[in-house]
2 protein chains.
Amino acid sequence: MRKVDPVKHEQKRRDILDAAFRCFIKDGFHGASTTDICAAAKISPGHLYHYFSSKEAIVEAMVDMGLESAAREFGKISAAPDFIEALIDYLEHGSLRHRTAQVLSLDALAEAARNPQFAGIVEKHASVSRNLLVDFIGTAQRQGQIDPDLDPAATANILLAVIDGARAMPIRTPTLDIEQSLAHLRTLLSRFLKPPREMSAHIRRVTRRTNAPLNASRKK
Amino acid sequence: MRKVDPVKHEQKRRDILDAAFRCFIKDGFHGASTTDICAAAKISPGHLYHYFSSKEAIVEAMVDMGLESAAREFGKISAAPDFIEALIDYLEHGSLRHRTAQVLSLDALAEAARNPQFAGIVEKHASVSRNLLVDFIGTAQRQGQIDPDLDPAATANILLAVIDGARAMPIRTPTLDIEQSLAHLRTLLSRFLKPPREMSAHIRRVTRRTNAPLNASRKK
DNA sequence: TCAAAAATAGAGAGATAACTCTATTATTCT
DNA sequence: AGAATAATAGAGTTATCTCTCTATTTTTGA
């Protein structure tokens with residue numbers, strides 16, 4: 001009796017997923033057909049459905065894989081010595097310059113807004129990224145690199161939003177000056193994250209209570 | 001000889017566009033079929049194609065209309081007395097709370113990354129929004145409300161990115177604490193935009209040259 | 001009033017999509 | 001070695017999609 005070889009099987013799945021990845025980048029989740037994927041993977045439809053039960057299953061596995069590798073990439077930020085510079089680096093290569101693969105992130109977002117199954121996947125990976133950020137923000141706060149009055153989870157969400165927003169920049173503005181954009185993003189992040197240097201903790205606390213940019217959410 | 005009534009004709013087009021809008025929100029540009037749109041507009045396919053030459057023409061007209069109204073909404077920010085508060089307001093109602101219609105923005109972005117025709121439309125409207133922002137940033141800078149060392153166009157692009165990023169927030173994090181998120185967005189924008197208050201212009205200039213968050217792009 | 005053209009309906013053509021079914025080849029366990 | 005089963009191929013089914021074509025009703029200008 002022959003048994004399925006899990007290594008070969010997994011490898012084949014990965015090959016198909018790679019081909020699907022290329023197709024989806026080019027034409028989107030709905031635009032790319034199973035025929036396209038079969039052609040890219042150089043297999044027959046029968047073969048494709050031997051490995052995946054449906055096109056949706058392919059999309060899900062691919063998004064899962066894609067987000068996983070994105071999260072892995074993302075984890076490197078936490079390991080870097082300068083948090084903000086690492087973020088800027090991530091924005092430069094992950095969002096502003098390397099446009100192609102990032103389109104899928106937008107597709108996944110749009111799909112997640114409609115398809116609950118998808119929403120679960122996107123949510124799961126956002127949660128992983130957020131947790132990584134929260135940990136590091138906490139550490140950086142204790143080290144005095146980040147304003148200790150910022151809520152780590154809320155700040156992490158803001159940073160994720162900035163990353164998403166940066167992805168849209170070259171699409172909205174194809175003539176974007178990347179260097180200048182990076183410089184301003186650096187300013188944005190520095191000013192947001194760094195503790196107000198020139199004031200003592202006491203003065204800071206009083207000033208904040210007056211201008212109340214942070215307390216608004218805590219007033220309840 | 002009968003002549004086409006431009007008012008009635010335009011109204012009918014608008015009705016169809018409204019119906020298409022609802023369909024596209026629910027199922028996306030590719031997910032919604034012309035049959036769906038016909039059903040929603042209560043017309044026959046023959047009728048539909050009497051007003052639009054193709055589905056793509058419908059999508060384009062709709063995105064154009066949608067972005068136009070978005071830009072109009074956006075123009076109100078410039079008219080508001082407090083720029084940052086107006087922005088926060090826009091983020092709250094335009095991005096964080098009113099999720100449904102905003103999905104189309106993601107769809108349009110994803111489509112623009114692939115379809116040049118679409119890219120042109122998205123680009124055009126981004127340009128309108130950017131110009132509005134640039135004007136107002138310039139005014140606010142002269143009034144001392146915004147750091148005069150920020151480049152208006154680059155800053156406008158950053159703000160557009162923040163708006164886009166905020167749209168992704170409730171999708172990435174369905175349990176998002178909106179109040180807290182708004183508070184942190186307010187901090188982000190305040191710290192980024194407001195001129196460093198406590199320092200004199202001279203000291204500021206020297207400090208900046210040392211830390212050089214802004215000069216990076218100008219060094220060439 | 002009535003003819004010309006616009007507005008509208010709806011059947012259906014033609015293309016393509018996802019997926020299935022059967023057949024063939026390759027591999028492995030006993 | 002050979003039976004059992006995995007891997008693979010590809011034709012074909014069914015559904016659906018966009019769009020067309022013809023026919024009918026409504027409106028309007030002279």
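Naming: A, B, ... by sequence-line order, numbering from 1 per chain.
Put simply, CD1 on A:I37 is 15 Å from C1' on C:dT16, counting in whole angstrom units.
Across all strands, B:L48 comes closer than 4.0 Å to no nucleic acid atom at all (heavy-atom distances).
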Donor-acceptor list for residues 132-141 of chain A side chains, cut-off 3.5 Å, not counting sequence neighbours:
from   : atom 1 : to     : atom 2 : distance (Å)
A:T139 : OG1    : A:D135 : O      : 3.0
A:Q141 : NE2    : A:D147 : O      : 2.9
A:Q141 : NE2    : A:L150 : O      : 2.8

Expected list for residues 4-14 of chain B: side-chain donor-acceptor pairs under 3.5 angstrom, two or more places apart:
from  : atom 1 : to    : atom 2 : distance (Å)
B:D5  : OD1    : B:V7  : N      : 3.0
B:D5  : OD1    : B:K8  : N      : 3.4
B:Q11 : NE2    : B:D15 : OD1    : 3.0
B:R13 : NH1    : B:Y51 : O      : 3.3

Which side-chain N or O atoms in residues 20-31 of chain A pair as donor and acceptor under 3.5 Å with protein atoms at least two apart or in another chain?
none

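Under the salt bridge (charged side-chain N to carboxylate O under 4.0 Å, His left out) criterion, B:E92 pairs with B:R97, sequence neighbours left out. Evaluation of the salt bridge (charged side-chain N to carboxylate O under 4.0 Å, His left out) rule for A:E68 yields no partner, not counting sequence neighbours. By the salt bridge (charged side-chain N to carboxylate O under 4.0 Å, His left out) test, B:D164 pairs with A:R172, B:R167, sequence neighbours left out.
You'll find the side chain of A:K194 reaches within 4.5 Å of the side chain of A:I84, heavy atoms only. Contact check for A:V128 versus A:F74: no side-chain heavy atoms found under the 4.5 Å cut-off.
Once you apply a 4.0 Å limit to the heavy atoms of chain B, the touched nucleotides of DNA chain D run 5' to 3' over D:dC17 to D:dG29.
Formation of a donor-acceptor pair under 3.5 Å by the B:S127 side chain with backbone atoms of B:E123 is not found in this model.
Residue pairs meeting the salt bridge (Lys or Arg N to Asp or Glu O under 4.0 Å) criterion with at least one partner in residues 49-67 of chain A, sequence neighbours excluded, are A:D64-A:K124. Listed by first then second residue, pairs satisfying salt bridge (Lys or Arg N to Asp or Glu O under 4.0 Å) with a partner in residues 106-122 of chain B read A:D107-B:R114, A:R114-B:D107, not counting sequence neighbours.
Within a heavy-atom distance below 4.0 Å of DNA chain D, the residues of residues 49-64 of chain B found are B:Y49, B:S54, B:K55. Proximity of residues 15-36 of chain A to DNA chain D (heavy atom under 4.0 angstrom from any strand atom) is not detected for any residue.
Residues B:S95 and B:Q102 approach most closely at CA-CG, 4.4 Å, considering heavy atoms. Scanning both residues, B:S54 and B:Y49, for their nearest heavy atoms gives CA-CE2, 3.8 Å.
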Produce the list of close N/O pairs, under 3.5 Å, pairing protein atoms with atoms of nucleotides 26-30 of chain C; give distances to one decimal.
from   : atom 1 : to   : atom 2 : distance (Å)
C:dC29 : O4'    : A:M1 : O      : 3.1

